[in-house]
Asks: 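Once you've had a glance at the structure underneath, I'll fire off some questions.
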Amino acid sequence: MVRTDVQLMLDVKSGDEASFELLLHRYRSPLVNFLYRMVRNREQAEDLAQEVFIRVYRARAEYVPSAKFTTWLFRIATNLALNSLRDNRYQKLEDSIDAPARIDSEDGDDRPLDVAEQHPNIEQHLVEEARVKMIRHAIDKLPEKQRAAVLLHKYEELDYAEIAKILSCSESALKSLLFRAYEALRVELAPLVAHTKQ
Amino acid sequence: MSCEKMESRILGYIDGRLKESERLDVEKHLAACSPCRLRVSEFRAVSGLLDELPTIEPSEAFNARVHALVAAEPVKQSWWAWLSFSPRIALVASMLLIAALWMGYERQAVPPMDMAQVDAQMLQDLPVLEDHDVLSNFEPLKELPPPVQQADDDSSDTNM
């Protein structure tokens with residue numbers, strides 16, 4: 001039987017290190033992706049995700065399952081990401097004007113642009129890259145709290161009540177926040193929206 | 001339903017997270033409001049575009065780094081956890097607790113004092129108390145001659 005997150009955390013609390021390993025395995029990818037989309041730097045995203053896990057581990061003795069585990073986990077992650085962005089310590093200019101042209105790959109490893117890529121249709125590939133870059137840029141342009149709300153809603157599929165708790169706001173305020181974020185994305189992505197509109 | 005009300009429901013409608021009654025309200029509004037229909041269509045397109053963003057995999061060193069951080073954590077255990085990991089101490093502590101409880105019970109088990117017995121004891125002691133009272137107020141004893149020491153001093157003065 002698959003143990004719930006709360007059960008795993010309670011087992012960690014009682015000294016079961018293997019349960020912490022399971023939580024790490026279950027949430028490392030969602031956390032790293034969420035943080036990467038928040039801070040736009042892979043190395044920083046991994047550092048922050050590690051910090052989230054170590055904070056969870058440190059808090060094990062005092063853990064009380066008063067809310068969903070994901071609410072607690074992503075609340076820690078969101079606060080760390082927002083603090084990091086505000087501190088502006090790790091912000092880097094991803095595309096330096098001095099650097100050679102690079103494919104801004106989503107896996108964070110910027111590779112030099114190689115025409116002999118193994119894509120059968122390089123033109124199509126470049127169009128897709130440009131499209132992804134535009135979407136990413138539109139998300140980056142959102143105010144931090146709106147960005148966090150969109151990421152938690154869209155990619156982590158958390159419910160409104162959870163996201164509201166994570167962002168310390170009411171559910172109605174969250175719905176308004178998400179509406180404004182989608183409005184901003186609709187305007188920013190207008191050329192793509194026009195093509196994909198059903 | 002108004003267009004303003006749609007703002008709080010449009011994403012829930014797109015995600016299929018609305019209650020049945022709310023969904024029917026939204027659809028009723030959409031049937032009569034072309035700007036909101038357009039907005040729903042465009043929000044759906046935005047949601048689809050967000051799906052195109054690829055995911056990344058954490059690096060291979062990620063877990064190892066978390067393990068290293070966990071290993072570097074100072075061992076911090078609560079008082080109870082400490083007891084749970086020291087069975088001998090837990091045994092001794094529980095035995096002491098049982099002993100303390102037993103002694104407390106034994107003290108409580110002493111029968112209440114018998115008042116008749118207390119009165120009898122007091123009556124038995126009464127003569128002693130009365131004797132003390134008589135002696136302390138006995139007039140002849142108050143008129144005793146001065147202390148012997150003073151008499152000796154007087155005699156030495158006359159010899160000089």
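All figures in this text were calculated on a predicted structure; none of them were measured in a lab. By convention in this document, chain letters (A, B, ...) are assigned in the order of the sequence lines, proteins followed by strands, and residues within each chain are numbered from 1.
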Asks: Taking side chain to side chain contact (heavy atoms under 4.5 Å, CB included) as the criterion, tell me which of B:L49, B:V46, B:D51 meets it with A:I135.
Replies: B:L49
Asks: Please determine whether side chain to side chain contact (heavy atoms under 4.5 Å, CB included) holds for the pair A:I54 and B:V66, giving the CA-CA distance in whole Å, both sets of side-chain angles, and the decisive distance to 0.1 Å.
Replies: CA-CA 7 Å; A:I54 204 68; B:V66 174; 5.8 Å; no
Asks: Chain B heavy atoms under 4.5 Å from A:Y57: which part of the residue, side chain, backbone, both or neither?
Replies: side chain
Asks: Got a second to check how far A:Y155's OH is from B:L53's CG, nearest 0.5 Å?
Replies: 4.5 Å
Asks: So which of A:M134, A:E51, A:E183 has the biggest tally of heavy-atom pairs under 4.5 Å with chain B?
Replies: A:E183
Asks: Could you grab the distance from atom CG of A:L192 to atom CD of B:E52, nearest 0.5 Å is fine?
Replies: 7.5 Å
Asks: Would you mind telling me which of A:K154, A:E17, A:E171, A:R180 has the largest number of heavy-atom pairs within less than 4.5 Å of chain B?
Replies: A:K154
Asks: Between B:E42 (side chain) and A:V193 (backbone), is there a donor-acceptor pair under 3.5 Å?
Replies: no
Asks: Name the region of A:A49, side chain, backbone, both or neither, that has any atom closer than 4.5 Å to a heavy atom of chain B.
Replies: both
Asks: Applying side chain to side chain contact (heavy atoms under 4.5 Å, CB included) to B:T55 and A:R37, what does each step give before you reach the verdict?
Replies: CA-CA 9 Å; B:T55 55; A:R37 285 166 178 156; 3.7 Å; yes
Asks: In Å, rounded to the nearest 0.5 Å, how long is the span from CZ of A:R186 to OG of B:S41?
Replies: 10.5 Å
Asks: Using a strict 4.0 Å threshold on nitrogen-to-oxygen distance, state whether B:E73 and A:R58 make a salt bridge.
Replies: yes
Asks: Could you state the interatomic distance from CG (A:L178) to OG (B:S8), rounded to the nearest 0.5 Å?
Replies: 11.5 Å
Asks: What part of A:L185 gets within 4.5 angstrom of chain B, counting heavy atoms only: side chain, backbone, both, or neither?
Replies: both
Asks: Counting only non-hydrogen atoms closer than 4.5 Å, can you tell me which residues of residues 63-80 of chain A sit against chain B?
Replies: none
Asks: Between B:I56 and A:S29, which heavy-atom pair has the shortest distance, and what is it?
Replies: O-OG, 4.0 Å
Asks: For the candidates A:K175, A:R131, A:R28, which exhibits the highest count of non-hydrogen atom pairs separated by less than 4.5 Å from chain B?
Replies: A:R28
Asks: Test side chain to side chain contact (heavy atoms under 4.5 Å, CB included) on B:S59 and A:E46 and set out the steps.
Replies: CA-CA 8 Å; B:S59 65; A:E46 291 208 355; 2.7 Å; yes
Asks: Is A:L174 close to chain B through its backbone or its side chain, or both, or neither, when contacts mean heavy atoms under 4.5 Å?
Replies: neither
Asks: May I ask you to list the residues in residues 15-23 of chain B that approach chain A closer than 4.5 angstrom, counting heavy atoms only, ordered by number?
Replies: B:D15, B:R17
Asks: Select, from A:F179, A:Y160, A:F20, the one with the greatest count of heavy-atom pairs under 4.5 Å involving chain B.
Replies: A:F179
Asks: Could you go step by step and tell me if B:E57 and A:N33 meet the side chain to side chain contact (heavy atoms under 4.5 Å, CB included) rule?
Replies: CA-CA 8 Å; B:E57 274 301 308; A:N33 274 284; 5.8 Å; no
Asks: Could you tell me how the ring of A:F53 sits relative to the ring of B:F62: parallel (under 30°), tilted (30 to 60°) or perpendicular (over 60°)?
Replies: perpendicular
Asks: Quick one: what part of B:L11 sits under 4.5 Å from any heavy atom of chain A, side chain, backbone, both or neither?
Replies: both
